[in-house]
Amino acid sequence: MHSCKYVFVTGGVASSLGKGIISASLGKLLQSRGLQVTIQKLDPYINIDPGTMNPYEHGECFVTEDGAETDLDLGHYERFLNVYTSQANNVTTGKIYQTVIDRERKGDYLGKTVQVIPHITDEIKRRIKLLGEDGKYDIIITEIGGTVGDIESLPYIEAVRQLKYELGSGNSVVIHLTLLPHLKTSGELKTKPTQNSVKTLLESGVQPDILACRTELPINEDIKNKIALYCNVESEAVIEAIDAETIYDVPVLMKKEQLDVVVLKKLKISGYNETDLSKWEEFLYKFKNPTSNTRIGIVGKYVELKDAYKSIAESIIHAGVKNETKVELTWIHSEDLEDMPQEEMEKLLGDLNGVLVAPGFGSRGIEGKLRAIKFVREKNIPFLGICLGMQCAVIEFARNVLGFENANSTEFNPSTRYPVIDFMEGQNEDIHKGGTMRLGSYTCKIQEGTKVRSIYDKETITERHRHRYEFNNEYIQAYEKAGMIASGINPDKTLVEIVELTSHPWFVGVQFHPEYKSTVMNPHPLFVKFVNAALTVKRETVKSPTIV
Ligand code: GLN
């Protein structure tokens with residue numbers, strides 16, 4: 001039987017040290033040696049998934065092919081490994097309890113008292129092992145959210161302790177990510193918080209095998225030896241995780257620190273290739289040595305929190321590298337645009353080479369998005385509208401070109417006379433399980449002779465969705481006559497998935513989320529061509545005198 005080995009990644013000292021990036025980087029290194037790897041995230045919160053959480057709380061909600069609404073770390077895993085994740089890759093306390101309580105109601109526990117130990121911990125272990133059972137992977141990296149010592153993490157740490165014991169020696173390793181604070185006054189890196197964090201882990205019966213230490217400064221041998229001695233790990237297993245310029249540097253830094261070598265040694269795995277990051281390094285080189293630059297504005301309502309648009313920002317990086325250009329992002333708050341004087345808005349947007357209107361829910365900032373779209377449409381500035389951004393492009397066109405006064409989405413005005421974006425009857429029948437939204441991967445057919453057809457260079461594509469509302473097909477003829485065409489259609493439901501303007505150099509709105517599918521090795525064509533349009537579209541047609 002194919003036996004799969006496990007790497008558990010826990011965090012200590014502080015949150016936000018970058019367990020997700022360390023996990024993804026280790027995954028990348030192991031994958032480059034020819035191992036089949038996947039990464040799983042265990043989140044100790046009680047929400048079933050982050051789908052209902054405000055982006056201010058949790059950053060972006062990442063969506064998988066099979067329609068799971070997940071933690072944004074899964075986005076990093078996919079972007080680094082270039083491999084899809086699924087429902088099974090994100091487990092929450094909410095899901096664990098829901099399963100256990102459902103089972104209890106069905107009488108599956110045969111009259112027993114249902115308890116955290118063993119029932120909750122058993123369910124956690126079952127979920128961890130699930131990914132390993134299909135025989136596809138050599139190594140599963142399981143990242144445990146939160147910080148060791150948190151009350152809500154305890155059942156997870158206990159599950160790790162039991163699994164470590166059950167799997168036996170050489171079949172699992174625990175990597176603990178900690179922080180070495182730098183005291184400027186004494187010029188020292190302090191190891192005590194790391195020692196204490198390891199002690200906390202030891203109280204739960206888990207001895208970490210590897211310590212990855214986040215640090216501002218390089219860690220010398222003395223510090224490594226000291227940490228090794230006080231934390232019972234080998235000195236070579238104390239890994240320096242120094243602050244990096246970009247997240248894309250981390251695999252290279254981890255290779256230098258031989259994180260993968262130590263992991264494979266502890267897992268008693270041999271016979272695989274040498275680590276090969278040559279393609280990754282090529283990407284990194286181009287990223288750091290652009291030959292041109294361009295400016296793109298992102299209009300959204302959560303722009304203060306960059307994590308809310310993580311996948312979009314990363315997709316633009318991938319596309320920038322592909323075009324060998326540095327993309328400078330200007331984050332524009334859609335609410336600020338609502339009552340900005342016209343001249344100021346024209347200056348702000350007119351200075352950009354492209355504008356992207358972001359996804360979102362609810363009416364806040366909509367009018368600002370519509371204003372931005374009117375401007376870029378009229379001034380021939382490249383535009384990409386994603387999900388709500390596409391819906392706004394449709395609304396703006398209705399109001400300002402078709403003359404449909406106060407046209408709207410029924411999400412924002414249920415009694416509008418022109419519901420150009422609407423909740424379509426019957427659309428919910430075959431949505432993937434999970435909620436009331438159209439979630440996950442759907443097919444789209446692209447019409448010949450359109451701009452997007454040349455962008456994708458194929459007729460049938462699949463893209464991921466996360467929305468409730470749709471283009472209202474009743475209006476399709478009016479739009480097409482006036483120059484906004486439905487260039488991509490869902491063949492099963494005849495839902496409009498892509499709109500574009502025939503008389504604009506680059507104006508595309510997509511009902512789906514291309515940002516979920518862009519990876520370092522596979523930058524998404526829509527983003528690549530959007531950035532290219534930003535670089536190349538001549539703006540002679542821009543008439544505003546305020547624009548230089
Ligand atoms: N709020 C819109 C809808 O539900 C768009 C969602 C989105 O942008 N992800 O259809």
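Excluded from the calculations below are hydrogen atoms, water molecules and symmetry mates; all remaining heavy atoms, backbone and side chain alike, are included. Both ligands and their constituent atoms are indexed starting at 1 by order of listing.
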Under a 3.5 Å threshold, yes or no: a donor from one side chain and an acceptor from the other, between Thr462 and Lys517?
yes

Test: Arg371 and Glu396 ion pair at under 4.0 Å:
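Between Glu396 and Arg371 there is no salt bridge, as every charged N stays at least 4.0 Å from the carboxylate O atoms.
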
Charged N to carboxylate O under 4.0 angstrom, Arg127 versus Glu123?
yes

Looking only at the aromatic ring of each residue, does the gap between the centers of Phe62 and His513 stay below 6.0 angstrom?
no

Any sub-3.5 Å donor-acceptor pair from Asn413's side-chain atoms to Ser415's backbone N or O?
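It does hold such a pair.
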
Could you tell me which residues satisfy salt bridge (Lys or Arg N to Asp or Glu O under 4.0 Å) with Glu60, sequence neighbours excluded, listed by chain and number?
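Result, salt bridge (Lys or Arg N to Asp or Glu O under 4.0 Å) vs Glu60: none returned.
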
I'd like the residue list for ligand 1, meaning every protein residue with a non-hydrogen atom under 4.0 Å from the ligand.
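Close residues (ligand 1, cut-off 4.0 Å): Pro359, Gly360, Phe361, Cys387, Leu388, Gln391, Glu411, Arg466, His467, Arg468, Tyr469, His513.
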
